[in-house]
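The structure under discussion appears below in the form of structure tokens.
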Amino acid sequence: MSSGADHLAALRTGGKQAVARALTALERGLDPAGAPDAETADLLDAAIADPTGIVIGLTGPPGVGKSTLTGELLTSWRKAGLSVGVIAVDPSSQITGGALLGDRTRIRTAPDDDKAFVRSLAARDRLGGLSDHSVAAALLMRAVYDRVIVETVGIGQSEADIGLIADTLVLCVQPGSGDSLQFMKAGIMELPDVIAVTKSDMGAAARRARADVEGALGLVATGIADWKVPVVALSAASGEGIDDLLAAISSHRAWLDEDRHLAQRRQDQARAFMRDFVKSRHGRAGLNRVVTEIASADARKPFEALRRLVKFLDR
Ligand code: GDP
């Protein structure tokens with residue numbers, strides 16, 4: 001076994017403290033100006049080689065009900081005996097200088113439940129974009145937990161960034177908000193695999209929001225021809241529709257398992273992450289120098305490849 005695989009095996013049995021320590025070490029190991037260190041690259045490539053879980057991206061505007069919904073999903077999956085990791089990406093921490101643990105999420109887990117782990121991480125920018133650290137944390141948690149929820153505030157960058165890591169992307173829409181129109185203008189309607197209209201207990205406004213979403217979906221070309229994006233109305237307050245969302249996520253999972261959809265998506269994500277990582281350190285000019293290497297690199301070991309490529313550009 002590689003040292004990365006040994007480290008991963010220890011994380012799987014080490015409980016929440018071990019995972020928390022590993023996430024802190026990840027942040028140190030991913031130098032924002034240079035190549036990942038060897039130990040970090042080894043661990044992350046081991047996690048990519050042996051994913052045990054799936055990643056659900058949950059995005060939408062502030063106040064739409066993401067945290068409440070995350071809490072509901074966590075509870076449902078724990079009841080079903082599945083382990084759950086949550087990463088809440090916090091754009092406000094760009095102002096305070098670091099994510100305040102558990103601050104925005106308000107998600108409670110039993111302290112002695114080793115199979116539920118919640119962590120709030122800083123966003124890349126005030127638009128809620130995903131930092132390298134958040135993507136790496138999700139990759140690692142995908143190899144430790146059965147379900148990983150990555151919750152981002154959709155105010156620009158985050159909807160596109162969450163595509164770097166989500167197997168199933170759930171976009172949350174708020175009744176009475178005119179969100180559908182805004183999302184269409186911003187090209188966001190093309191991204192989700194599932195759309196959740198939240199707060200269905202709001203009655204007519206919720207029904208109208210659902211009809212708006214379905215209308216808007218009919219007008220956009222979603223990237224994937226043979227997956228029809230389901231629209232689920234739900235209320236985290238009353239519990240109505242939560243099972244429908246769970247069913248929609250399961251159907252999408254079944255679809256991903258057909259025809260190598262999942263393998264293809266994760267490979268595309270690995271290459272997109274590599275391009276992003278190089279570009280943030282060496283700009284477009286640097287990326288252009290290695291873009292063909294990225295296209296042909298072993299996408300099953302992206303962090304080993306990134307060490308090589310960034311070191312080459314650093315010379
Ligand atoms: P976030 O900013 O997207 O994470 O949204 P929150 O989960 O913090 O919820 C924002 C507000 O909406 C809070 O006041 C919640 O109590 C409320 N909320 C969340 N879910 C529901 C719901 O299903 N029905 C109603 N009526 N209110 C909800």
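First listed ligand is number 1; within each ligand, the first listed atom is number 1.
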Query raised in the report: Crowded around K16 NZ? As in, over 12 foreign heavy atoms under 6.0 Å?
Result: yes
Query raised in the report: Does a salt bridge link D193 with K228, judged by any charged N lying under 4.0 Å from a carboxylate O?
Result: no
**Report entry** Geometric cation-pi criterion R281 and F277, 6.0 Å radius, 45° cone
**Finding:** yes
Report summary line: Candidates T198, I242, D201; heavy atom nearest atom 25 (C) of ligand 1 found on D201
Query raised in the report: Going by the order shown, which atoms of ligand 1 are within less than 4.0 Å of some heavy atom of K66?
Result: 1 (P), 2 (O), 3 (O), 4 (O), 5 (O), 7 (O)
Report task. Can you sort out which atoms of ligand 1 are near S235, meaning under 4.0 Å from one of its heavy atoms? Result -> 23 (O)
Query raised in the report: With only distance considered, is V64 within less than 3.5 Å of ligand 1 through an N or O on each side?
Result: yes
Query - Test of proximity, A236 against ligand 1: N or O pairs below 3.5 Å - result: yes
Query raised in the report: Rounded to the nearest 0.5 Å, what separation is found between the CD1 atom of I48 and the CG atom of L8?
Result: 11.0 Å
Query raised in the report: Any N or O of A237 that comes nearer than 3.5 Å to an N or O of ligand 1?
Result: yes
Report task. Ignoring angles and geometry beyond distance, decide whether G65 reaches within less than 3.5 Å of ligand 1 through its nitrogen or oxygen atoms. Result -> yes
Query raised in the report: More than 12 heavy atoms of other residues, nucleotides or ligands under 6.0 Å from CD of E258: is that the case?
Result: yes
Query raised in the report: For residues H252 and D167, is any side-chain donor paired with an opposing acceptor at under 3.5 Å?
Result: no
